[in-house]
There are 2 protein chains.
Amino acid sequence: MYNFNMCEKFKNLKNTEYDIALLLNKKGILSANELQEILKVDKATIYRNLKSLIKKNIIRKVSAKKSFYELNCNIHNPIHPHFECIKCNKIYCLKPLSAEDTINISRYTNFEIHSIDIKIKGTCDECKSMDN
Amino acid sequence: MYNFNMCEKFKNLKNTEYDIALLLNKKGILSANELQEILKVDKATIYRNLKSLIKKNIIRKVSAKKSFYELNCNIHNPIHPHFECIKCNKIYCLKPLSAEDTINISRYTNFEIHSIDIKIKGTCDECKSMDN
DNA sequence: AACTTATTTGCAACTTAGTTGCATTTTATG
DNA sequence: CATAAAATGCAACTAAGTTGCAAATAAGTT
Ligand SMILES: [Mn+2]
Ligand SMILES: [Mn+2]
Ligand SMILES: [Zn+2]
Ligand SMILES: [Zn+2]
């Protein structure tokens, strides 16, 4: 486990922003609903704070069947592809993309690139073992 | 332009399923709303037909800020990454992923892979030229 | 501390994508 | 034509996310 204090950006956070960052640090990746259930604050508060955390570049949104959120601190959690299980809709964080693969993918467009989201869909081992 | 009849799967389509496939063939990629506005049928009909077309493997869903749909016929439209403009939310279809890049990406997980969705986000040229 | 201002929150109302049940219409089949 | 199956429209619903506004909390000033 990484030390939460290693990420400079977290120092100035307050109130629900801090609570969310702390929870994401502990749990890895969570949906807005999961955050709300744990923190027991209004969903407007959750979404407003998620937005401001994204604007501050502290978290990022992972779009799947529903949206998930995870920390965006380089020390803790570099950008990586995700695996989405088509049976249970669970999201698995994969190991970060290599520099070579990142460059290769970025060659597919000439537009100005802001981020590269790779989502591999399939069946996770847990769900595969339940098939018959 | 490809000939619509080249894709075997389209032969047995009827009613709204056929209308949707025909429109996607012509326009490339459309949202459920865009389809509804053009075809002037109830949105339940749109979504029901989109679902059955996906189940028949004739179209695929492209998840962005909102969902888009495009043909899934190999002759017409092999699987490819997408560019999503963070300003105008427009979706651009990119050239298909090379076999090498596909294999490289598939190595990031050991789970059973069903599909690989690559979405590059950034600013399209049109929106970039409007900045100041 | 007391006063004032800015920030954060809860609540309720709203929007939008997508789903579902059910009655009606359309299409297929003998 | 008669009957069954499939497709559609309609309305009500769910779930994620947004927004206005008033109340509460925190921060800054004398
Ligand atoms: Mn992740
Ligand atoms: Mn496409
Ligand atoms: Zn699973
Ligand atoms: Zn754009």
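Here the structure is a predicted model, which means the values were calculated and not measured. Here is how names work: the chains are called A, B, and so on, in the same order as the sequence lines, proteins then strands, and each is numbered from 1.
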Inset, instruction - Could you check whether Y69(B) gets within reach of a base, just the sugar-phosphate, or nothing at all, counting any heavy atom under 4.0 Å? - result: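 Sugar-phosphate only.
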
Inset, instruction - Give K65(B) one of three labels, base, sugar-phosphate or nothing, depending on what nucleic acid heavy atoms sit under 4.0 Å from its own. - result: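 Result for K65(B) = nothing.
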
In whole angstroms, how far is the [atom2] atom of [N] from the [atom1] atom of [X]?
{"X": "K61(B)", "N": "dT19(C)", "atom1": "NZ", "atom2": "C1'", "value": "12 Å"}
{"X": "L53(B)", "N": "dA7(D)", "atom1": "CG", "atom2": "C1'", "value": "13 Å"}
{"X": "D42(A)", "N": "dG17(D)", "atom1": "CG", "atom2": "P", "value": "14 Å"}
{"X": "K40(B)", "N": "dT8(D)", "atom1": "NZ", "atom2": "P", "value": "17 Å"}
{"X": "L39(A)", "N": "dT8(C)", "atom1": "CG", "atom2": "P", "value": "16 Å"}
{"X": "E34(B)", "N": "dA17(C)", "atom1": "CD", "atom2": "P", "value": "11 Å"}
{"X": "K43(B)", "N": "dG9(D)", "atom1": "NZ", "atom2": "C1'", "value": "13 Å"}
{"X": "Q36(A)", "N": "dC11(C)", "atom1": "CD", "atom2": "C1'", "value": "12 Å"}

Give the nucleotide from the list [options] with an atom nearest to the side chain of [X].
{"X": "A44(B)", "options": "dG10(C), dA11(D), dA17(C)", "value": "dA11(D)"}
{"X": "S67(B)", "options": "dG9(D), dG10(C), dG18(C)", "value": "dG18(C)"}
{"X": "T16(A)", "options": "dC10(D), dA17(C), dT9(C)", "value": "dT9(C)"}

Can you tell me if [X] touches the phosphate of [N], counting only side-chain N or O atoms and a distance under 4.0 Å to OP1 or OP2?
{"X": "T45(B)", "N": "dG9(D)", "answer": "yes"}
{"X": "K66(A)", "N": "dG17(D)", "answer": "no"}
{"X": "Y47(B)", "N": "dT19(C)", "answer": "no"}
{"X": "N33(A)", "N": "dA16(D)", "answer": "yes"}

Legend entry - Face-on cation placement of K95(B) at Y108(A) ring, 6.0 Å and 45° thresholds: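 Because its charged atom sits under 6.0 Å from the ring centre and within 45° of the axis, K95(B) does stack over Y108(A).
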
Are [X] and [Y] within salt-bridge range, i.e. N to O under 4.0 Å?
{"X": "E17(A)", "Y": "K56(A)", "answer": "yes"}
{"X": "K65(B)", "Y": "E84(B)", "answer": "no"}
{"X": "K87(B)", "Y": "E126(B)", "answer": "no"}

Inset, instruction - Report yes if the side chains of C88(B) and C124(B) come closer than 4.5 Å at any heavy-atom pair, otherwise no. - result: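 Yes, their side chains come closer than 4.5 Å.
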
Legend entry - Closest-nucleotide 5' rank along DNA chain C - winner of N49(A) and A32(B):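 The residue whose closest nucleotide sits nearer the 5' end is N49(A).
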
Inset, instruction - Mind checking the CG-CG spacing from L24(A) to L50(A)? Nearest 0.5 Å is all I need. - result: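 Interatomic distance, L24(A) CG to L50(A) CG, rounded to 0.5 Å: 7.5 Å.
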
Legend entry - Interatomic spacing from OG1 in T123(A) to CZ in F83(A) - rounded to 0.5 Å: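 T123(A) OG1 to F83(A) CZ: 6.5 Å, rounded to 0.5 Å.
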
Inset, instruction - Can you check each nucleotide of nucleotides 21-26 of chain D against protein heavy atoms at under 4.0 Å and return B for base, S for sugar-phosphate only, - for none, in 5' to 3' order? - result: B-----

Inset, instruction - Quick one: closest heavy-atom pair of I116(A) and T102(A), and the distance? - result: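 Looks like CD1-O, 4.0 Å.
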
